[in-house]
Amino acid sequence: MKALFIGYGRMGSALGDAWLRTGLIEQLSIVDPGLAGAPEESRFTRLEEAPEDAFDLIVLAVKPGYASTALAGLSDRQCSQAMVISVAAGVTLATLSQALDERCPVVRAMPNTPVLVGAGCTGLYAGGGLGEVQRERIGQLFAAVGQAYWVEQEGLLDAVTAISGSGPAYYHLFSEALAQAGAKLGLPTELAHQLAAQTAFGAATLQQQAHADFTELRLAVTSPNGTTAAAIEVFEADQKLRALVDAATTAAFNRSVELSAH
Ligand SMILES: NC(=O)c1ccc[n+]([C@@H]2O[C@H](COP(=O)([O-])OP(=O)(O)OC[C@H]3O[C@@H](n4cnc5c(N)ncnc54)[C@H](OP(=O)(O)O)[C@@H]3O)[C@@H](O)[C@H]2O)c1
């Protein structure tokens, strides 16, 4: 596939580098004014300088505020056989299609930062006009950087944002708190950090096993009257942790809806 990336920052480069490495795209052109690392022959500071090629894939990975103007600058030839993937958070399909003057099918993707290490989680939504083969190709692209899941209503991307888009930060916060608690209990800071990180990794690995059930996994390590039970009792008192997670994800969801409305 011949791809054009508009924006090659943190997210754009994580996707583009992985897709080149895995051979999912053969040719890459990049438009990004702030880019230093990419090979000069494929890097352009402005869209007007990019090749007049018929791209198979155009990836929009600029900050949401620049999304419409960036797309509107594409030529008819550049769009002629392309599918467009936008990772710009909160920019609706209607806005993207309008900016493109409906010249090509658009998919919205909501990836998260673990795509940087091939362990991402991406929610995908396509409007009309995307063929079955194109849908499969897009699924493969995001499967190359983790797991990909299609949603069938655009509004569900706000929920995906609240759970997996913002989710890595929630786990990092929990690890921060766990490491701090470990240090308070007398562990060297670095060791407390390692214990928190390795425990998160181990728990996530168990959760990824086929047919894993979160409640069963928790109960399996919670002997009556044991140490884990003592801690879980505190987390579960008045459903405190669950209420906090519910309130926090609702706040993220509402913010995502609010941003999409602008
Ligand atoms: N990072 C995440 O976890 C994540 C998750 C889901 C979705 N996203 C979405 O991904 C998009 C990019 O986020 P990011 O974290 O990768 O941001 P980023 O690191 O700031 O990357 C954006 C890049 O686009 C460049 N740029 C700005 N205006 C441009 C234009 N008109 N044409 C071409 N390139 C332009 C920027 O250059 P300058 O720095 O010089 O302005 C920058 O290099 C955002 O819309 C965000 O909502 C990110």
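This one's a predicted model, so the numbers in the text were calculated from it and none came from an experiment. Note that ligands are numbered from 1 as they come in the structure, with each ligand's atoms numbered from 1 the same way.
Counting heavy atoms from C-beta on, the side chains of L124 and I138 come closer than 4.5 Å. Proximity of S164 to N112: side-chain heavy atoms (C-beta onward) are separated by under 4.5 Å at one or more points.
Taking only non-hydrogen atoms, the option from M11, M110, R46 nearest to atom 14 (P) of ligand 1 is M11. For atom 11 (C) of ligand 1, the nearest non-hydrogen atom from the set V62, I30, L116 belongs to V62. Closest heavy-atom approach to atom 10 (O) of ligand 1 within the set L47, V115, V87, T113: this belongs to V87.
Counting only heavy atoms, the protein gets under 4.0 Å from atom 40 (O) of ligand 1. Less than 4.0 angstrom separates atom 34 (N) of ligand 1 from at least one non-hydrogen atom of the protein. The presence of a protein heavy atom under 4.0 Å from atom 8 (N) of ligand 1 is confirmed.
At the shortest separation from atom 32 (N) of ligand 1 among protein heavy atoms lies I6 CG2, 3.7 Å. Protein heavy atom at the shortest distance from atom 28 (N) of ligand 1 is Y66 CD1, 3.7 Å. For atom 6 (C) of ligand 1, the closest heavy atom belonging to the protein is P111 O, 3.2 Å. When hydrogens are left out, the protein atom nearest atom 21 (O) of ligand 1 is G9 CA, 3.2 Å; that is the closest non-hydrogen contact. When only non-hydrogen protein atoms are considered, atom 42 (C) of ligand 1 lies nearest to D32 OD2, 3.5 Å. If you check which protein heavy atom lies closest to atom 17 (O) of ligand 1, you get K63 NZ, 3.1 Å.
The cluster map of Ile, Leu, Val, Met, Phe, Trp and Tyr, joined by side-chain heavy atoms under 4.5 Å apart, puts L24 and V107 in the same cluster. Linking ILVMFWY side-chain heavy atoms closer than 4.5 Å, directly or via other members, places Y66 and L93 in a single hydrophobic cluster. There is a path of hydrophobic side-chain contacts, each under 4.5 Å, that joins M83 to L20.
We find the CD-OH distance between Q153 and Y125 to be 8.0 Å, quoted to the nearest 0.5 Å.
Residue-ligand proximity, P33 to ligand 1, at heavy-atom distances under 4.0 Å covers atoms 26 (N), 29 (C), 33 (C), 34 (N), 35 (C). Listed by number with element, the atoms of ligand 1 under 4.0 angstrom from any heavy atom of G34 are 40 (O). Close approach to P64 involves these atoms of ligand 1, each under 4.0 Å from a residue heavy atom: 44 (C), 45 (O), 47 (O). Atom numbering of ligand 1 starts at 1 in the shown order; those under 4.0 Å from a heavy atom of G7 are 24 (O), 33 (C), 34 (N).
For a threshold of 3.5 Å applied to N or O pairs, the pair formed by R10 and ligand 1 contains at least one separation below that value. At least one N or O atom of A89, backbone or side chain, sits closer than 3.5 Å to an N or O atom of ligand 1.
Screening F55, Y8, W19 for a side chain to side chain contact (heavy atoms under 4.5 Å, CB included) with L28, the sole residue that qualifies is Y8. Of the residues listed (L47, I25, L60), the one engaging L4 in a side chain to side chain contact (heavy atoms under 4.5 Å, CB included) is L47, and it is the only one.
Here the closest non-hydrogen pair linking D56 and Q81 is OD1-NE2, 2.8 Å. Here the closest heavy-atom approach between residue R103 and residue C79 is recorded as CZ-SG, 4.0 Å.
Applying the 6.0 Å contact sphere to CD of E233 captures no more than 12 heavy atoms from other residues, nucleotides or ligands.
Only the backbone of A61 comes within 4.0 Å of ligand 1, counting heavy atoms alone; no side-chain atom from C-beta on gets that close.
Q194 and E190 form a side-chain donor-acceptor contact under 3.5 Å, judged by distance and modelled atom types alone.
Proximity of G165 to ligand 1 is not established, as no heavy-atom distance is less than 4.0 Å.
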